[in-house]
**Q** 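I am attaching a structure below and will ask some questions about it afterwards.
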Protein chains: 2
Amino acid sequence: MRTYGQFCALAKALDVVGDRWTLLIVRELMLWKRARYTELKSGLPGIASNLLSERLRELEEAGILTREDAPPPVAATLYALTERGRSLAPAIRALGRWGAPLLAQAPKTDEVRGHWVGLPVELYMTDAKPTAPPMTLQVRTADYPVTLRIGNGEIESEIGTAARPDATISGPAREVLRVLLKRTTLAKAKASGVTYRGDRSVLARLKPAA
Amino acid sequence: MRTYGQFCALAKALDVVGDRWTLLIVRELMLWKRARYTELKSGLPGIASNLLSERLRELEEAGILTREDAPPPVAATLYALTERGRSLAPAIRALGRWGAPLLAQAPKTDEVRGHWVGLPVELYMTDAKPTAPPMTLQVRTADYPVTLRIGNGEIESEIGTAARPDATISGPAREVLRVLLKRTTLAKAKASGVTYRGDRSVLARLKPAA
DNA sequence: CAGCATCCGCTTTGATACTG
DNA sequence: CAGTATCAAAGCGGATGCTG
């Protein structure tokens, strides 16, 4: 491993997570909680297969993630963050907040994944009615579905479907994200292909966090 | 410039500051406020000269820093962060906090620069007596001197000497840093070559920030 | 001397192919 | 599906040279 060899906390952090793709792999694991190799690859468009496998090995050695063999029926390796890995959340949040304004000028050719919407919603939005009973919003875009659980003042995102969501929002990921982040209204977004079914008050519970 | 091509705030941030050395250059500019090329290079041991010049050009294009020619007498280029560049502070802080535990196992061969102590002190310490009049601590290590101004609940570090500091701490950078971060006592540090002259209450004003 | 630009050998990354 | 193998291209580090 190439290191900076500097007695500096920032340099030490970059020694571990400063390589290309590394923080994006951590992002994927934050969203997936537990993911298999191909799921990670699908969320990292453009990564070379050998690079992903090399990074996963380095991150395991650094104690950022663990690999565990799934139980017999499916026979696969599952990757998950360790506590140390999850503690990267503040850094990812800070970098994400810094980078968010750049999304406005993002080229249309940028790759989008439906499950990415979970990250900004968790990072930038909060529960507007912490004392109300928890609600569930199902997000459906082109690829993986995402379930948002809003309650107790917190928002959690999880990849997958919910049994009985209070509402469902569907459409192109970029437009759906704009609605969830309150960058546009549902009415305007409908023209861009966004549809919403169910309880409108779920959407009303999303509030920008400071 | 190589980009990830992902519609994701984190990826966008890494497109700009994810290259090798880039965040360390920003760190240097946070400490120097305004620095010339050779000053930057001295704080980035190991960087190739052409890489530094390339990164500076990229960062200027990205609006992270500006370059201005110093007034005639000295004829040099001065680099300084823009507001956008300074807004990377939360990200650097978060990454630094994450990396700090790794310093404990840092090899003795790691490079150290005296002015680096300014960063952790600004990031992790706070003014224990916000209402007391401001005080000044002069830090002297092998290379550049650093002035710490403690007052109004804040700590500011600046490279350079103060006219009449309330106290002066000198010695090897690593040991001085341990004293300032309260990882050891002044008495114990004296055995490692740390000396302290002046008002002891300056040191008492440094308190770990949460 | 400050601030690069050039050249060269080495390492890392990217794209694709291949295997249990 | 979950990687490993291969190889070309790009990036990096170190040395050196150039220009005010």
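So that the names make sense, note that chain A is the first sequence line, chain B the second, and so on, each numbered from 1.
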**Q** What I want to check is whether an N or O donor and acceptor connect the side chain of B/Asp19 with the base of D/dG11 at under 3.5 Å.
**A** no

**Q** Can you tell me how far P of D/dC12 sits from CG of A/Leu14, to the nearest Å?
**A** 14 Å

**Q** What integer distance in Å separates A/Lys41:NZ from D/dC1:P?
**A** 11 Å

**Q** Checking all strands, does A/Arg57 fall into the base, sugar-phosphate, or nothing category for heavy-atom contacts under 4.0 angstrom?
**A** nothing

**Q** Measure from NZ or CZ of A/Arg174 to the centre of the six-membered ring of B/Phe7 and say whether it is under 6.0 Å with the direction within 45° of the ring axis.
**A** yes

**Q** D/dC12, OP1 or OP2 - any side-chain N/O from B/Arg55 closer than 4.0 Å?
**A** yes

**Q** I'd like to know if A/Asn50 reaches the base of D/dG3 with its side chain such that a donor and an acceptor end up less than 3.5 angstrom apart.
**A** no

**Q** Check the phosphate of C/dT12 against B/Arg20, side-chain N and O only, distance under 4.0 Å to OP1 or OP2. Yes or no?
**A** no

**Q** Rounding to a whole Å, what distance do you find between A/Arg36:CZ and D/dG3:C1'?
**A** 14 Å

**Q** Just to verify, which of A/Arg27, A/Arg113, A/Glu111 counts as forming a side chain to side chain donor-acceptor pair (under 3.5 Å) with B/Gln6?
**A** A/Arg27

**Q** Output the rounded distance in Å from OH (B/Tyr37) to C1' (C/dC1).
**A** 13 Å

**Q** Looking only at side-chain N and O atoms, does A/Thr77 come under 4.0 Å of OP1 or OP2 in D/dA2?
**A** no

**Q** Tell me: CD of A/Glu39 to P of D/dC1, nearest whole Å?
**A** 10 Å

**Q** When you measure from the side chain of A/Ser49, which nucleotide among C/dG3, C/dT16, C/dC7 comes out closest?
**A** C/dT16

**Q** Counting only side-chain heavy atoms from C-beta out, which of C/dA15, C/dC4, D/dG13 sits nearest to A/Ala48?
**A** C/dA15

**Q** Take atom CG of B/Leu24 and atom P of D/dG13, then tell me their distance rounded to the nearest Å.
**A** 11 Å

**Q** Is there a donor-acceptor pair closer than 3.5 Å between any side-chain N or O of B/Glu68 and the backbone N or O of B/Tyr79?
**A** no

**Q** Classify the nucleic acid contact of B/Thr38 as base, sugar-phosphate or nothing, counting any heavy atom under 4.0 Å across all strands shown.
**A** sugar-phosphate

**Q** Check this one for me: any side-chain N or O of A/Tyr79 less than 4.0 Å away from OP1 or OP2 of D/dG3?
**A** yes

**Q** Taking the nucleotide of DNA chain C with the nearest heavy atom to each, does A/Leu51 or A/Arg2 sit closer to the 5' end?
**A** A/Arg2

**Q** Look at the rings of B/Trp21 and A/Tyr4 and say which category their plane angle falls in: under 30° parallel, 30 to 60° tilted, over 60° perpendicular.
**A** perpendicular

**Q** Aromatic ring centroids of B/Tyr144 and B/Trp116 under 6.0 Å?
**A** no

**Q** Would A/Arg93 count as a cation-pi partner of A/Trp98, with NZ or CZ less than 6.0 Å from the six-membered ring centre and within 45° of the ring normal?
**A** no

**Q** Please report the distance, rounded to the nearest Å, between CG in A/Leu52 and P in C/dT12.
**A** 18 Å

**Q** Could you state the atom-to-atom distance from CG of A/Leu44 to P of D/dG3 in whole Å?
**A** 14 Å

**Q** Using the closest heavy atom to pick a nucleotide of DNA chain C for each, name whichever of A/Ile47 or B/Glu54 lands nearer the 5' end.
**A** B/Glu54

**Q** I want to check one thing: is the phosphate of D/dG13, taken as OP1 and OP2, less than 4.0 Å away from some side-chain N or O of B/Trp21?
**A** yes

